[in-house]
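Please read the structure below before turning to the comments.
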Amino acid sequence: MQFLPQSFYARSARKVAEELLGKRLVRLLGADRVSGIIVETEAYCDADVPDLACHGDRANNGRPTARTAVMFGPAGHAYVYFTYGMHWMFNVVTGNDGEANAVLVRALEPDEGLETMRALRRRSDKELTNGPAKLAQALVIDKTLNGVSLLDSNDSIWIEEGIHISRERIATGPRIGMGQTPEPWFSMPWRYWIRDHPFVSR
DNA sequence: CCGGCGATGGTCT
DNA sequence: GACCATCGCCGGC
């Protein structure tokens with residue numbers, strides 16, 4: 001297996017968000033390998049740029065809280081948080097240790113473990129992983145994975161090399177769900193996706 | 001099939 | 001009360 005090295009993650013969130021497109025997110029469930037190709041991401045708290053859309057900058061004046069502590073830790077770890085009373089979101093920590101940096105993985109193209117995903121999601125195939133909470137459900141991602149390392153297989157979740165995505169196929173735009181977030185953060189084009197891909201979330 | 005809308009309901013503010 | 005969302009239901013094409 002080719003685990004992405006820590007040096008891949010220890011860069012700006014925007015760079016990592018763009019380069020995660022085409023990589024393979026793998027979850028090991030017992031003997032079952034469940035995986036998908038990453039097709040949509042969002043950068044939060046990019047290095048040295050204040051980001052009021054980001055938990056790490058919005059909460060507690062940019063200081064860590066119990067919820068956001070992992071974001072401030074070393075790159076290459078999972079930041080998993082809970083929202084809307086029922087959904088888990090999977091992020092990867094990027095940037096420098098001590099700074100809040102992360103990339104939200106918003107959608108996958110299912111690859112391995114289709115039968116497992118179908119049993120977990122109970123939806124049509126195109127609805128298996130085309131949204132951040134959907135892919136968390138399809139890969140059984142919850143708070144028990146908050147803070148674990150993605151740099152080896154010890155915690156049954158990691159990211160591998162996948163398929164190459166040429167620059168022409170990458171689209172960018174404002175992030176989803178900005179709500180009352182003020183400008184300029186509301187419109188910052190820190191969402192990345194594979195153009196016209198059927199598993200992108202909207 | 002697709003878009004709008006209300007309900008959902010834990011955690012942190 | 002807001003929140004990095006989804007689902008079921010309703011109307012329309």
Side-chain angles (χ1 to χ4, degrees), chain A residues 9 12-18 20-21 25 36 38-47 49-73 77-95 99-108 110 117-147 150 159 171-193 196-202:
Chain A
Y9 299 103
S12 84
R14 276 178 287 177
K15 191 77 178 167
V16 175
E18 179 171 4
L20 275 176
L21 297 177
L25 175 60
I38 296 172
V39 301
E40 181 183 357
T41 59
E42 284 178 357
Y44 285 89
C45 291
D46 196 69
V49 182
D51 181 9
L52 291 195
C54 169
H55 294 163
D57 279 342
R58 192 171 52 204
N60 200 22
N61 287 323
R63 307 277 303 159
T65 67
R67 183 200 207 191
T68 64
V70 171
M71 275 189 96
F72 290 80
H77 290 243
Y79 168 45
V80 180
Y81 70 86
F82 191 70
T83 192
Y84 291 108
M86 61 189 100
H87 298 308
W88 297 98
M89 303 283 144
F90 173 75
N91 303 251
V92 301
V93 178
T94 63
E99 297 175 2
N101 266 197
V103 171
L104 171 65
V105 177
R106 288 192 53 88
L108 306 174
M117 292 193 206
R118 289 176 181 130
L120 287 163
R121 289 278 303 138
R122 298 164 173 271
R123 293 287 178 280
S124 69
D125 280 8
K126 67 177 187 179
E127 300 279 333
L128 290 178
T129 54
N130 63 335
K134 297 177 185 180
L135 73 88
Q137 187 177 14
L139 270 61
V140 194
I141 292 170
D142 62 21
K143 66 180 176 185
T144 64
L145 295 182
N146 188 35
L150 302 171
I159 301 176
T172 64
R175 295 167 291 184
I176 304 292
M178 290 297 93
Q180 303 306 309
T181 303
E183 294 289 5
W185 300 281
F186 186 93
S187 299
M188 282 182 172
W190 289 4
R191 174 176 174 238
Y192 298 80
W193 68 95
D196 299 326
H197 196 286
F199 283 90
V200 169
S201 67
R202 293 200 190 170

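Lettering follows sequence order; numbering is per chain, from 1.
For the pair A/Arg175 CZ and C/dC4 P, the interatomic distance rounds to 10 Å; values are reported in whole Å. Rounded to whole Å, atom P of B/dG10 lies 16 Å from atom CG of A/Asp142. The CD atom of A/Glu40 sits 12 Å away from the C1' atom of C/dA5 (whole-angstrom rounding). The distance from atom CG of A/Asn91 to atom P of C/dC4 is 11 Å, rounded to the nearest whole Å. At whole-Å resolution of the value, OH in A/Tyr81 and C1' in C/dA2 are 13 Å apart.
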Cut-off 3.5 Å, no hydrogens considered: what does the side-chain donor-acceptor table look like for residues 87-95 of chain A, sequence neighbours left out?
| from | atom 1 | to | atom 2 | distance (Å) |
| --- | --- | --- | --- | --- |
| A/Asn91 | ND2 | A/Tyr79 | O | 3.2 |

Without placing hydrogens or testing angles, list every side-chain donor-acceptor pair under 3.5 Å for residues 173-191 of chain A, not counting sequence neighbours.
| from | atom 1 | to | atom 2 | distance (Å) |
| --- | --- | --- | --- | --- |
| A/Arg175 | NH1 | A/Ala43 | O | 2.9 |
| A/Arg175 | NH1 | A/Asp51 | OD2 | 2.8 |
| A/Arg175 | NH2 | A/Asp51 | OD1 | 3.1 |
| A/Arg175 | NH2 | A/Trp185 | O | 3.4 |
| A/Thr181 | OG1 | A/Met178 | O | 2.6 |
| A/Glu183 | OE1 | A/Ser187 | N | 3.3 |
| A/Glu183 | OE1 | A/Ser187 | OG | 3.1 |
| A/Glu183 | OE2 | A/Ser187 | OG | 2.7 |
| A/Trp185 | NE1 | A/Pro50 | O | 2.7 |
| A/Arg191 | NE | A/Glu40 | OE2 | 2.8 |
| A/Arg191 | NH2 | A/Glu40 | OE2 | 3.0 |

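Every residue two or more places apart in sequence or in another chain was checked for a salt bridge (charged side-chain N to carboxylate O under 4.0 Å, His left out) with A/Asp142, and none qualifies.
Side-chain contact between A/Lys134 and A/Leu128: absent, with no pair of heavy atoms (C-beta onward) separated by less than 4.5 Å. Side chains of A/Tyr192 and A/Arg14 form a contact here, defined as non-hydrogen atoms less than 4.5 Å apart. Residues A/Arg106 and A/Val39 have side chains not in contact (no heavy-atom distance under 4.5 Å, counting atoms from C-beta outward). With a 4.5 Å cut-off on side-chain heavy atoms, A/Met71 and A/Cys54 count as touching.
In this structure, CG on A/Leu145 lies 13.0 Å from NE2 on A/His77, to the nearest 0.5 angstrom.
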**Message:** Treating primed atoms plus P, OP1 and OP2 as sugar-phosphate and everything else as base, which nucleotides of nucleotides 6-13 of chain C get B, S or - for protein heavy atoms under 4.0 Å?
**Reply:** SSS-----
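Annotation for A/Thr129 and A/Ala138: closest pair CG2-CB, 3.8 Å, computed over non-hydrogen atoms. Residues A/Pro64 and A/Ala69 come closest through the heavy atom pair CB-CA, 4.3 Å. In terms of heavy atoms, A/Asp46 sits closest to A/Asn101 at C-ND2, 3.9 Å.
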**Prompt:** Which dot-bracket string describes DNA chain C (Watson-Crick N1-N3 plus N6-O4 or O6-N4, or G-U N1-O2 and O6-N3, all under 3.5 Å; [ ] crossing; | other strand)?
**Reply:** |||.||||||||.
Kindly give the atom pairs (protein nitrogen or oxygen, nucleotide nitrogen or oxygen) under 3.5 Å for nucleotides 11-13 of chain B.
none

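Residue contacts for A/Leu104: at a heavy-atom cut-off of 4.0 Å it reaches a base atom on one of the strands shown.
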